[in-house]
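Note sheet for the following structure.
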Number of protein chains: 2
Amino acid sequence: MTNIKDLAKMAGVSVTTVSRVLNHHPYVSEEKKNAVLAAIKASNYQQNINAVHLSKGKTQLIGVVLPYSDHPYFSKLLKGIAQQALEQNYHLVLFQTDYKECRELGALRMLKQKQIDSLIICSRSSDWSTIEEYLPYGSIVLCEDVKDRQVSSTYVNHYKIFYNALEYLYKKGHQRIGYVIARKSGTNSQYREKAYRDFHTKYQLSYQPDYIIDECLYFEDGEKAINRLKKMKTPPTALLVTSDQVAAGIVVSCQTHGISIPNQLSIIGFDNQPIAKMMNITTIEIPLLEMGRSLFLQAVQSDLTNKELSSRLIERDTVSYKEKNK
Amino acid sequence: MTNIKDLAKMAGVSVTTVSRVLNHHPYVSEEKKNAVLAAIKASNYQQNINAVHLSKGKTQLIGVVLPYSDHPYFSKLLKGIAQQALEQNYHLVLFQTDYKECRELGALRMLKQKQIDSLIICSRSSDWSTIEEYLPYGSIVLCEDVKDRQVSSTYVNHYKIFYNALEYLYKKGHQRIGYVIARKSGTNSQYREKAYRDFHTKYQLSYQPDYIIDECLYFEDGEKAINRLKKMKTPPTALLVTSDQVAAGIVVSCQTHGISIPNQLSIIGFDNQPIAKMMNITTIEIPLLEMGRSLFLQAVQSDLTNKELSSRLIERDTVSYKEKNK
DNA sequence: TTGTATGCGTTATCAT
DNA sequence: ATGATAACGCATACAA
């Protein structure tokens, strides 16, 4: 494997000059430049990037932490991150955590080892204190409202979105509203739960803990959600489903179980994935691609920023107007 | 940032000794070992992994090339790869190519630069000649039948699978069979097309090019496929759908269009994803997790192996027995 | 415009 | 069992 020393010898110049043409630096004569270029061609030279990394102290590698890479929400987010990474000439190292904290710690450790320049945590498992411990080693960017903490972040306002969606359903006459979610813990889930509580307080509705259906991630979990509903004496008349895939699964499952949508059950999905369009599911669009791109940019920029992205309701066919029973 | 030199000074030993305890080498006295360990604790030391990489000429990084990371087929394959990587203490660098050859070349180049130790190509875009050109720089493993070429691979026999599935449908009385696929090019697709042709020849059926429906990748593409079918004068009575998600999309789309499954249209999906189980779709199980794990192992092993994995038909409710019209 | 010398942090070789 | 030193391949401050 030939290195710049060899090239220098071949071209009859110094290693510095070789390095200069390699990095497109100015102040090198055409003549010598060509000699170097010729040597590169002749030797089939390839830079050893690890040496560059060691020398520069940077790797052009950004870590991405996410629980499930095969979940459409995270896939789309990742896609946005990857798009921007490509543009900025960075590469991505993937950390699929399954929400296991030790895996997230592994990513943090790589940051400390300088194998990655920064870390994007799409959904956090570890405590704030651990995150802060690793902050000195590179920028860490998050996908949640971080309040006044000293990290960059891009997120949507889950509280507001949830609250608005609940009010929307209320105005459509729904009084018994449940929601379907992936996990109950996590910052975003807690914002949603708070919105759910506040909504019930404001409209003096009775808060039903079993209307919160968790551990629903994929299409096939729609079946699971419906089974939970069927066990209830007075099931909700509307469901906020924090994933379009699960919403679609619910719609299909309802057909099997003879539940009419939206008459017997109204559904609002999340994300506005293509599946929601195909199945005419009312949904709340979350700008996942834009979010991904923003997260990446924050990862490579040195200044701290916090960006709240907006979302919007897309009305389709899965929400009914319900006569209020007095 | 403290380095081993500092540690050596602190512990009153040489850098070599420090390196020894860092790498759990033998021949170091308990006393000095403890001194080093103490220094490590005191200084919050962290190895600079890039220096290790440069010194060792290896990075413990494996590249993974795939067209779409948000597609369930590749997600699941990736999951298998990631599982094994975790076990062997490797990390993964993701190359999402969208089947753009230049992106695949980028991955190949990283192999040459020694930023990654080997490369797993889940679905290939570039020519064999280009692959071979990069073979000297690290092992490249593929997910297709590579014949006698000097690379490792794990794959399923797409020819046999397709042929068997076609015969299965034929025995159920189907004479007009179509198939739905992601792309027509690619080694695996070509095997399938060959099986499709051979099947038609053997049973003296007329080969209908428009029964091959391509560019269907996601659930929502099921709608697209059905629209193509509706334009035909004599549409197929059965469909081999090379993705369970698309198969599910077709099933849902058929309900909307009033097409009865399996009476008017039989469906066989591929992969045996959870969605197929939920919707009772007859499918062909492909051991994607196992495939991923095998691919990874081949990537880190030095010897060349080629492994064919088996698949099996899972009979559910989307294939009808059709009376043959004489 | 060019080259020399040094540093990056670690591992490996070869003494002792 | 321990340590000095070379090597890994490249970038860069500084000198010329």
Side-chain angles (χ1 to χ4, degrees), chain A residues 1-40 43-61 109-117 137-138, chain B residues 1-37 39-40 43-61 89 109-117 137-138:
Chain A
M1 209 92 305
T2 102
N3 58 25
I4 53 169
K5 222 175 207 165
D6 301 330
L7 286 183
K9 208 170 291 173
M10 290 170 68
V13 299
S14 73
V15 289
T16 311
T17 304
V18 175
S19 178
R20 285 210 179 89
V21 347
L22 247 29
N23 295 286
H24 307 102
H25 284 177
Y27 304 129
V28 40
S29 69
E30 275 302 311
E31 184 192 8
K32 302 214 170 191
K33 184 173 176 178
N34 290 331
V36 172
L37 257 24
I40 290 175
S43 63
N44 191 25
Y45 167 79
Q46 187 68 38
Q47 218 182 26
N48 180 324
I49 206 78
N50 291 318
V52 179
H53 292 166
L54 174 59
S55 189
K56 288 197 171 171
K58 295 276 170 210
T59 59
Q60 300 285 109
L61 243 40
R109 213 167 297 125
M110 273 181 72
L111 185 66
K112 195 173 177 187
Q113 288 189 315
K114 292 176 164 299
Q115 184 158 19
I116 53 179
D117 294 346
Y137 309 110
Chain B
M1 209 88 311
T2 102
N3 58 24
I4 52 169
K5 223 175 207 164
D6 301 330
L7 286 184
K9 208 169 290 171
M10 290 170 69
V13 298
S14 72
V15 290
T16 310
T17 304
V18 176
S19 178
R20 282 207 181 91
V21 347
L22 246 31
N23 296 284
H24 307 101
H25 283 178
Y27 304 130
V28 40
S29 68
E30 275 301 310
E31 183 193 10
K32 303 215 171 191
K33 186 173 174 178
N34 290 331
V36 172
L37 258 23
I40 290 175
S43 62
N44 190 23
Y45 166 78
Q46 186 67 36
Q47 216 181 29
N48 181 322
I49 205 77
N50 291 317
V52 179
H53 292 166
L54 173 60
S55 189
K56 288 198 171 170
K58 296 279 170 210
T59 59
Q60 300 285 107
L61 244 40
N89 231 298
R109 212 167 298 124
M110 272 181 74
L111 185 67
K112 194 173 176 186
Q113 288 188 316
K114 292 173 164 302
Q115 184 158 20
I116 54 180
D117 294 346
Y137 308 110

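Side chains are part of it too, since the values below use all heavy atoms of this structure and drop only hydrogens, waters and symmetry mates. Note on naming: letters A, B, ... go to the chains in the order of the sequence lines (proteins, then strands), and numbering restarts at 1 for each one.
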Sorted by chain and residue number, the side-chain hydrogen bond (donor to acceptor under 3.5 Å, both in side chains) partners of B:D117 (sequence neighbours excluded) come out as B:T59
Identify, with sequence neighbours excluded, every residue that meets side-chain hydrogen bond (donor to acceptor under 3.5 Å, both in side chains) alongside A:Y45.
none
Starting at atom OH of A:Y27, determine the distance to atom P of D:dA13, rounded to an integer number of angstrom.
14 Å
How does protein contact run along nucleotides 3-10 of chain C, one letter per nucleotide 5' to 3', with B for base contact, S for sugar-phosphate only, - for none, heavy atoms under 4.0 Å?
BB--BBBB
Test side-chain hydrogen bond (donor to acceptor under 3.5 Å, both in side chains) applied to B:T16 - qualifying residues, sequence neighbours left out
none
Measure the distance from NE2 on B:H25 to C1' on C:dT13 and round it to the nearest whole Å.
13 Å
Please report, rounded to the nearest Å, how far the P atom of D:dC8 is from the CD atom of B:Q113.
19 Å
So how far off straight is the helix from C:dT1-D:dA16 to C:dT16-D:dA1, going by the axes through five pairs at either end, to 10°?
40°
Out of curiosity, A:H53 NE2 to B:H53 NE2, how far, rounded to the nearest 0.5 Å?
10.5 Å
Can you find a heavy atom in the side chain of B:Q115 that is under 4.5 Å from one in the side chain of A:L61?
yes
Measure CD/B:Q115 against P/D:dC10 and give the value in whole Å, please.
14 Å
Rounded to the nearest 0.5 Å, what separation is found between the NZ atom of A:K33 and the NE2 atom of A:H24?
7.0 Å
List in chain and number order the residues that pass side-chain hydrogen bond (donor to acceptor under 3.5 Å, both in side chains) with B:D6, two or more places apart in sequence or in another chain; answer none if no residue qualifies.
none
Is a donor from one side chain sitting under 3.5 angstrom from an acceptor on the other, for B:K112 and A:N44?
yes
